[in-house]
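Order of the sequence lines fixes the chain letters, A, B, ..., with proteins taken first and strands second; residue numbering starts at 1 for each chain. Both backbone and side-chain heavy atoms feed into the values below; hydrogens, waters and symmetry mates do not.
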Amino acid sequence: MQRIGVFVCHCGSNIAATVDVKKVAEMALMEPGVVHAEDYQYMCSEAGQARIQEAIKEKNLTGIVVCSCSPRMHENTFRKAVERAGLNPYMVEVANIREHCSWIHKDIEEATKKAVILMRAAVAKVNLNTPLKPGESRVTKRALVIGGGIAGIQTALDIADAGYKVDIVEKTPSIGGRMSQVDKTFPTLDCSACILTPKMVEANAHENITIYTYSEVENVSGFVGDFTVDIRKKARSVDMTKCTGCGVCQEKCPSKKTPSEFNRGLNNRSAIYTPFAQAIPNVPVIDREACIKFKTGKCGLCSKVCQAGAIDYDQKDEIITEKYGAIVVATGFDMIKLDKYDEYAYSQSKDVITSLELERIMNAAGPTKGHLERMSDGKPPKEMVFIQCVGSRCSDDRGKSYCSKICCMYTAKHAMLIRDKYPDVNVTVFYIDVRTPGKNFDEFYRRAVEDYGVNYIKGQVGKVIPQSNGKLLVRGVDLIDQKQIVKEADMVVLAAAIEPNPDVRKIATMLTASIDTNNFLTEAHAKLRPVESPTAGIFLSGVCQGPKDIPETVSQAGAAAVKAIGLLAKDKLMTNPCTAHSDELLCNGCSNCANVCPYGAISYEDKEVNDHGKREVRRIAQVNSALCQGCGACTVTCPSGAMDLQGFSNRQILAEVDAICR
Amino acid sequence: MSTEKKQAEQIKEISGVNPLKCMKCGKCSASCPSYNEMDIKPHQFVSYVQNEDIESLVNSKSLWKCLSCFACVERCPRDVKPGKLIDAARQIVVRQKGQDYLLADEIPELLDPDVPQQLLVSAFRRYRR
Amino acid sequence: MSIEANEEFRPKIVAFCCNWCSYAGADLAGSSRLAYPADVKIIRVPCSCRVNPMFILRAFEKGADGVIMCGCHPGDCHYSTGNYYARRRMTLLFSMLDYIGVENGRTRVEWVSAAEGVKFSTTMNEFVEKIHSLGKNVRLGDLRCRN
Amino acid sequence: MQELIARAKELLANGTVARVLGWKAGDLPYNPEPAYFEKEEDFKDFVYNGFCGANLSKYMIEATKLEGKTLVCLKPCDTYSFNQLIMEHRVDREKAYIIGVGCKGKLDIEKIKKQGIKGIQSISGAEITDDAETLTINTLYGDKTIPYADGMLERCHVCKGKEHKIYDEIIGESKDTKDADRFDEVSRIESMKPEEKFAFFQKELSKCIRCNACRNACPACSCRKCVFDSNKFDSSQKANVDSFEEKMFHIIRAFHVAGRCTDCGECSRVCPQGIPLHLFNRKFIKDIDEFYGEFQAGEDITVKGPLTSFTFEDVEPSVVAERG
């Protein structure tokens, strides 16, 4: 029989205001095995932990139940506390009487009753707990960063500077990401390329960084400290070791009709291409779908003009398998598709563009060489309208429920830059709210209004109608002046919502990292662990976790790097001891458990067993506890109940069921 | 419950709209073809219901100026759909039995020759219900 | 029984929640103060695939009026595939319970992610309401000895 | 039968097999029982006829642990069970010599008796050497004749086919005796109102005396130690009528064999109380077929069972309620 101590936390008034904590402690003493019960202001505090430790020593406690907040919050705190008092850390169970009780119920009597039942279930479970010992697993001192935008680059640089090897896997032919498409950055207006390119170069030159561009993560197995990842290096058709990056092939390539991804389809690129001038690596790829050689077998011009002999039409996709201790996801974002927003005429008029397209138009290396002009006729606009919140803050299925966060600021930036460079152009911004939290952000927005004369109108646009004269009729409203506004514009710029890169769902599944309904990766704790995924060893960097601007992305990237470094710095990791275990006397050797094990942790061996004096060789399931992650799939598929899960055993769960239904 | 409160609840029930979801973007008013004729603007319908000022709403010109074109319903990003609110407010008036809000004889006078007959008939059928 | 007959029916409801998604979803419902009836008591399991049909039957046998199991959305399982197995097991179990005449509203599976505090709360509210409409569980006690 | 005996003796004599697993005559004309035959003289009691319903596959779990090969007589439907046992590594194929014995449907003495036939002294026509069309029953009250099919076990009316799925040699002819749909009864119950379903199963299960015959005969229920006898589930108190196992025994048993049950029908055949236990197993089989595609356990040992596999598009458990 266990000697159990029950400790009921007030959590200030968080619990005590709705749950009669004294009553819970009092009722605990009536439970089997309970020899000590008390309540205290803050169990997680130093003093609270000390009380548990004292009670263990004074009353020879063998099991502890803490009635407090969620075990996801403080289970570890209490485990460590009892360990210091000489008790096995797995002899602790937490009854969640805050998140699952005091915070959701108002009636004191009802909440107290429930808290007592939750306490009983935890006592029933701890009565059956057994001391568990964690195993050890090694840590591969290498990190993988998925995504080569500013988030991925920054994370990789920080990890590499700490002395660890890092690989960056980037899907497109060059690193750089969305930031490389941006012309100027707010709130300082410095040129995006000027601050990004040095970082790209540094990453490329860093002895600890290996960059795989035009590559994708194909498969992930293993677990924290010991992931095995297959990376598909897509055939570039250009030998990276030979290419000098002279660019002649791109000039001579006769197939020049593919919309440029980098310029958001505003102009075309050749079939053999580098996405942009500062691309890293500065080695082109052949787009096999567009290449005449691949389509018809004829042409081969690039090969003829290449002095280095780098063109290799026979190159095949290559699978690189590498081991990693930590994985950082930095998959970034894209703009949402606007096909559901007919009222803004995006697909009807070339002069209705997204903000990212405007970035390319304003960029000196862009399709218009940096001249502000209409994409339909090349004429300079006189009247420009910006529409905010297109697809953001929507509760219908056309857009996203969240605020995209960056649009207010980049719209102010665009408006300001246009007014600065083309003072004769009128700029009108239709907004719902202008959101500018951030250092020097509101000052920036006010400058657009006060110094540059940008016309901000509180109100939304209902419809944009292309006119026969080539102009765009914008029908909006000014909610302050209470009047409808009908305005002819030359260009309309839509601040389209941003969404996580669609590939992230596939990646999250491979990593078993959780993801929300908007495809943003979930953090382990919204406030306290914002750069870690709940899946151990997976870290989050940049917009894949939620909308953010460049400064925020860079700081989060650094934070993710630190977390990854913290992991890589360890030589060994303690493994979760809550693993499956097969009772050799009950095991039939039927293989059903091995069939459902996602980790290949179950093998079979012919073993001599002594079944109550009867000796025989039997085929017995063996669990490799280093591989087992403790999901429990095997325990249910086992018909004889031989397979059980330590820490969540059949008897423990049934005891909880019984206690709740009592 | 006061009559106004009851009516406000009734409007929410008939329309199926939760006015608290409105973020006051004004897209409804921007879309409305009858905006200039209205005394209470489409985006204000929401706050009138929220503030339970149904008296003003049912006595407004807007009630009968709304064409039920549903542009606002179509485009509302927050699922608030002011067109449905005003439609519900109309229902409230229609349901007040015995109270003549508009006599059939008064209609020709109000007629705009540009309004298609079909629209008139269908609207008449709709609001006479 | 007869004395309690006039008392308000307070169902006993057991909710099995996987540690990674649904238990966290329940925590989020808590920290967002999204109320649901106190009749629901949560048991934490590592994964929905840890839920043995025997646990559910045992709950009913011990007097539970409803049992709900929550796990990560299919495709999002922390252990990759656990909820796919759980889905098959629960489908077959529920179908069997329906077959022997147990009201099928007494069992439910809902996929709730760690970010879906609202869904957790709504689901629990709905489920409790459903159990209220079904009343006390009388059919899942002893099938053998009653008459 | 004589051909079978001769061949068995021959294999025993030449050392191919160390023993023969078949049936020996019981004390009544209709209750042969499974038995081992190791010596030539043992064969005087050997019998194989229409009453040899017992599925001998399960005995092979222990038999293949013995020294030398065991000759086992398997009817076509028994071979599914044997395959399933191979899949689960419970029998050693190398230590079995399988003679696929002919089968023209097995007989159910209870069903015969229910037709008002009492005082049975002997039965002819059950030897199945002919076409097995008529049974002549010699009773204290004179001879009675019934069509063979009217005396057949329920499972034979939904026969899986006359093909042996695994064998070393075949002796005797088999006949596909299927003349009904095996899911008819399940569908009938499914269409009842919940109260009716409940009343039906309550009535049937109330007969159970927990003799464990079903579990002992079932080739899928072959755990070294059953969960109902194991303290791992705290359900080992067999005598306690209030205990968990008493209440849910049959549902849990059916669940444990779901996806592994070949529908051999032994559970219902051996139940002394005549509970149609196969209706539980068949419900699972029907659901599995409907939800996850046709599946016959023991037919193909390379296919994973439906409960140890999945597809991303599987139906949600809510299908049960939606189906109405």
D:Ser309 portion near chain A, given a 4.5 angstrom heavy-atom threshold
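No part of D:Ser309 comes within 4.5 Å of chain A.
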
Residue D:Lys304 versus chain A: region with a heavy atom under 4.5 Å:
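For D:Lys304, the side chain is the part near chain A, not the backbone.
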
So which bits of residues 79-92 of chain D come within less than 4.5 Å of chain A, counting non-hydrogen atoms only?
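If one takes a 4.5 Å heavy-atom cut-off, the residues of residues 79-92 of chain D near chain A are D:Met87, D:Glu88, D:His89, D:Arg90.
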
Please determine whether the number of non-hydrogen atoms from other residues, nucleotides or ligands lying under 6.0 Å from atom [atom1] of [X] exceeds 12.
| X | atom1 | answer |
| --- | --- | --- |
| D:Glu38 | CD | yes |
| D:Tyr167 | OH | no |
| D:Lys65 | NZ | yes |
| A:Glu616 | CD | yes |

Proximity of residues 597-609 of chain A to chain D, residues having a non-hydrogen atom under 4.5 angstrom
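Near chain D, by residue number: none.
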
About how many Å separate CZ of D:Arg224 and CD of A:Glu584, when rounded to the nearest 0.5 Å?
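These two atoms lie 10.5 Å from each other.
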
Would you compute the distance between atom NE2 of D:His256 and atom SG of A:Cys638 and round it to the nearest 0.5 angstrom?
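So the NE2 of D:His256 and the SG of A:Cys638 are separated by 8.5 Å.
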
Quick check on A:Cys593 against chain D: is it the side chain, the backbone, both or neither that has a heavy atom closer than 4.5 Å?
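The answer is neither part of A:Cys593.
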
Heavy-atom contact with chain D under 4.5 Å, split by part of A:Leu585
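The backbone, not the side chain.
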
Minimum heavy-atom separation for D:Cys223 to A:Pro639, with atom names?
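Looking at all heavy atoms of both residues, the shortest contact is SG-C, 3.8 Å.
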
I need the minimum non-hydrogen distance between D:Thr308 and A:Thr637, along with the two atoms involved.
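So the minimum-distance heavy-atom pair works out to CG2-OG1, 3.6 Å.
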
